[in-house]
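Below is one structure, written out as structure tokens, with a few remarks after it.
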Amino acid sequence: MTKKTLGLNTICTHTGEIIDEQFKGAVSPIYMSTSYQFEDVDVKRYPRYFNTPNQEFLSKKIAALEHAEASMIFGSGMAAVSTTFLAFLKAGDHLVIQNPLYGGTSNFIREELPKYGIEFTFTEGYQMSDFKKALQPNTKLIHIETPSNPLLTITDIQAVAKLAKSKQIITTIDNTFASPILQNPIDLGIDIVIHSATKYLGGHSDILAGAVAAKQEHIDAIWNVAKNLGGSLSDFMVWMLERSMKTLALRVKAQSKNAKKLAKFLDKHPEVTHVYYPGLKSHPEHRLAKSQMKSFGAMMSFELHESIDASKFLKALNLIKPSMSLAGVESTMLLPALTSHALLSQEERDRLGISSYLIRFSVGIESKKDLINDIEQAIASAK
Ligand SMILES: *Cc1c(COP(=O)(O)O)cnc(C)c1O
């Protein structure tokens with residue numbers, strides 16, 4: 001059987017399993033060794049070389065899900081992002097980065113890249129004209145993120161890939177919000193896919209990890225830098241991630257289905273003034289999202305009417321947790337103005353459209369009616 005003939009749930013459950021030859025156990029054994037034989041072996045294994053049995057085999061699952069030749073697992077999403085950027089950029093090169101962008105990626109670029117003499121331009125927006133305007137003769141990499149945080153803007157993946165290819169520029173995408181279940185950017189021409197595996201790949205809010213998927217040549221280039229930077233993940237956590245990923249397709253599909261219903265509920269609610277969700281027809285890039293995603297994901301944002309105190313609303317929730325991270329099986333909400341985007345000036349937040357009434361909602365797998373009841377009672381008590 002080739003990878004292509006296997007269904008999504010089969011890949012999630014079985015691809016990259018390590019067969020337990022000794023005891024015939026049903027799941028992959030964990031190999032915690034940091035020391036392996038060096039003579040008469042094909043591969044000199046060491047955890048920071050990203051090639052222990054658990055690392056090597058789980059990479060096959062991630063590569064299969066992203067339709068990539070190869071993949072690597074990192075100690076965090078930011079280890080994956082930073083290592084990838086440093087693998088393809090050197091002093092004098094220029095990077096184009098999409099705005100809006102995950103805050104950690106933005107901080108890495110602003111705080112670290114100048115130390116390496118790497119130039120960069122943040123785009124004004126996420127339209128093709130914005131990318132074209134930001135290009136320079138020394139641009140070597142374009143980085144995009146779609147859907148984006150927290151307003152769920154959608155970037156035209158295929159158009160960006162085409163623009164970059166015509167100028168021999170490498171493209172990277174942060175595919176965290178969609179997950180490989182809903183969006184496969186390599187099929188649309190992107191070179192390198194990056195994930196914070198802390199989010200959907202892990203899915204239970206208990207693993208910090210990252211991943212990249214690409215063709216072998218690009219993975220080799222990333223590996224060359226990765227072994228020096230040392231951002232590998234412990235084999236115990238790699239094993240945890242493998243266990244979590246068996247249910248990745250089940251979880252993401254259930255969460256996405258829930259989210260669509262909740263977006264419709266919020267959209268009709270008299271106390272909600274706006275819902276940002278690519279699955280709603282009112283979303284400006286709804287058709288683009290439909291063309292490049294299999295479903296619209298489980299992240300959304302909404303604005304409460306100004307007569308409702310957003311902080312009070314969050315405190316009044318009983319079931320949905322007011323909490324920082326996202327993508328777990330449990331639903332969470334936060335106020336971007338007080339958390340992820342708190343370090344920006346009021347002016348910058350206004351420019352990005354992040355009001356103090358805006359709430360980001362990561363939809364879990366709970367029963368829809370319980371989530372709706374929780375939102376209803378919290379709105380009522382925050383009036
Ligand atoms: C969380 C996140 C990251 C960073 O991942 P860590 O695992 O926290 O290092 C990068 N991009 C996006 C879109 C994220 O949500």
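What you see is a predicted model; the values in this text were computed from it and never measured. Every number for a ligand or one of its atoms is a count from 1 in the order of the listing. For reference, positions follow the sequence shown, starting with 1.
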Under-4.0 Å heavy-atom contact with ligand 1, by part of L208 that carries it: side chain
Ligand 1-proximal atoms of A197, by part, heavy-atom distance under 4.0 Å: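 Under 4.0 Å from ligand 1, A197 contributes no heavy atoms.
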So which heavy atom in the protein is nearest [atom], and how far is it from that ligand atom?
atom	result
atom 7 (O) of ligand 1	T198 OG1, 2.6 Å
atom 6 (P) of ligand 1	G77 N, 3.4 Å
atom 5 (O) of ligand 1	S196 OG, 2.9 Å
atom 14 (C) of ligand 1	K199 NZ, 2.9 Å
atom 9 (O) of ligand 1	M78 N, 2.8 Å

Ring pair (Phe, Tyr, Trp, His ring centres under 6.0 Å) partners for F265, two or more places apart: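 Counting only residues at least two positions away or on another chain, F265 forms a ring pair (Phe, Tyr, Trp, His ring centres under 6.0 Å) with H269.
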Test: K199 cationic atom under 6.0 Å from Y102 six-membered ring centre, within 45° of axis: yes
Ring centroid separation Y277 to F302 under 6.0 Å: no
Validation row, ring centre H195 to ring centre Y200 under 6.0 Å: no
Determine the minimum heavy-atom distance between [X] and [Y], stating which atoms define it.
X	Y	value
A316	S381	CB-OG, 3.1 Å
S244	H204	OG-ND1, 4.0 Å
G364	N258	O-ND2, 3.0 Å

Atoms in ligand 1 with a heavy atom of S76 nearer than 4.0 Å: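 In order of number, 7 (O), 9 (O).
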K294 NZ: over 12 foreign heavy atoms closer than 6.0 Å: yes
Test item, A209 contacting ligand 1 (heavy atom, 4.0 angstrom):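 For ligand 1, residue contact (heavy atoms, under 4.0 Å) with A209 is present.
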Proximity winner for atom 13 (C) of ligand 1, if only heavy atoms of V81, I194, L201, D174 are counted: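 Of the listed residues, D174 has the closest heavy atom.
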From the candidates F108, F177, F74, Y102, the one that places a heavy atom nearest atom 4 (C) of ligand 1: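 Closest candidate by heavy-atom distance is Y102.
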